[in-house]
Amino acid sequence: MTAGELVSAYLAGLERADAEAVLELFAPGAVVHSPLYGPKPATEFYPELFADTSRSRLTLLGVMEGRGRDGAALVSFWFHFDWRLPSGAAAPFDVVDLAELAEDGRIATLRIVYDTVDVRPVFERETGTSWNPATEGE
């Protein structure tokens, strides 16, 4: 699967809230690092995200390919996420996802990068949850 195909399949599954389709793109034991949910196994992250989503529209803005310091293949993709929470409240943001790929081409680690200044208050009000990276592991 090419980087473009991987990104297209991922964004399509994400937009449909199709956990099965998204998780097929991840290697066993894959971890997602999210600014709102913290680090979680992909198998936990996507069901939680989709439970907190009433609708989403995604617009791809760019795809980049490279290699990590250890030689692992990296794919980064920049997109606009028009996210709607269960009540319909809007929580849109622009995001870059950085996928480190396993040898079989599936995602081993996904790091989600975006500014949560506008999203976090809506998310916390909607879900009644919060995550503070400074207290992670305490």
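- Proximity of Thr43 to Phe26: side-chain heavy atoms (C-beta onward) are nowhere separated by under 4.5 Å.
- The two atoms that bring Leu101 and Ala72 nearest to each other are O-CB, 4.3 Å, heavy atoms only.
- Listed by first and then second residue, the salt bridge (Lys or Arg N to Asp or Glu O under 4.0 Å) pairs involving residues 30-47 are Lys40-Glu48 (not counting sequence neighbours).
- A pairwise comparison of heavy atoms in Ala73 and Arg67 identifies N-NH1, 3.3 Å as the closest pair.
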Only pairs under 3.5 Å count here: list side-chain donor-acceptor contacts from residues 81-92, not counting sequence neighbours, and write none if there are none.
{"residue": "Asp82", "atom": "OD1", "partner": "Arg84", "partner atom": "NE", "Å": "3.2"}
{"residue": "Asp82", "atom": "OD1", "partner": "Arg84", "partner atom": "NH2", "Å": "3.2"}
{"residue": "Trp83", "atom": "NE1", "partner": "Thr53", "partner atom": "OG1", "Å": "2.7"}
{"residue": "Ser87", "atom": "OG", "partner": "Ala89", "partner atom": "N", "Å": "3.2"}
{"residue": "Ser87", "atom": "OG", "partner": "Glu126", "partner atom": "OE1", "Å": "2.7"}
{"residue": "Ser87", "atom": "OG", "partner": "Glu126", "partner atom": "OE2", "Å": "3.1"}

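- Under the 4.5 Å side-chain criterion, counting only non-hydrogen atoms from C-beta, Pro35 is in contact with Ile112.
- Between Ile107 and Ala30, the closest heavy-atom pair is O-CB, 3.4 Å.
- Each of Leu25 and Leu74 belongs to its own hydrophobic cluster when Ile, Leu, Val, Met, Phe, Trp and Tyr are linked at side-chain heavy-atom distances under 4.5 angstrom.
- Contact of the Phe50 side chain with the Asp52 side chain is not registered, since no non-hydrogen atoms from C-beta on lie closer than 4.5 Å.
- Val95 and Phe77 fall within the same hydrophobic cluster, where Ile, Leu, Val, Met, Phe, Trp and Tyr residues are linked whenever their side-chain heavy atoms come under 4.5 Å apart, directly or through other members.
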List, one per line, each side-chain donor-acceptor pair under 3.5 Å for residues 6-14, sequence neighbours excluded.
{"residue": "Ser8", "atom": "OG", "partner": "Gly4", "partner atom": "O", "Å": "3.0"}
{"residue": "Tyr10", "atom": "OH", "partner": "Tyr46", "partner atom": "OH", "Å": "2.7"}

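- For the atom pair Ser56 OG and His80 NE2, the distance stands at 10.5 Å (nearest 0.5 Å).
- Within the 4.5 Å cutoff, the side chain of Val96 has no heavy atoms near those of the Phe79 side chain.
- Side-chain atoms of Glu100 do not come within 3.5 Å of backbone N or O of Thr109 as any donor-acceptor pair.
- In terms of heavy-atom proximity, Glu15 sits nearest to Arg57 at OE2-CA, 3.2 Å.
- Between Leu98 and Val113 the shortest side-chain heavy-atom distance does not fall below 4.5 Å.
- Taking each heavy atom of Leu61 and Asp94 in turn, the nearest pair found is CD1-OD1, 4.4 Å.
- Using a 4.5 Å cut-off between side-chain heavy atoms of Ile, Leu, Val, Met, Phe, Trp and Tyr, with links allowed through other members, Val22 and Val75 fall into the same hydrophobic cluster.
- The two residues Ala27 and Arg106 make their nearest non-hydrogen contact at N-CB, 3.7 Å.
- Using a 4.5 Å cut-off on side-chain heavy atoms (C-beta onward), Leu36 and Tyr114 make contact.
- Residues Leu60 and Trp78 do not share a hydrophobic cluster, clusters being chains of Ile/Leu/Val/Met/Phe/Trp/Tyr side chains in contact below 4.5 Å.
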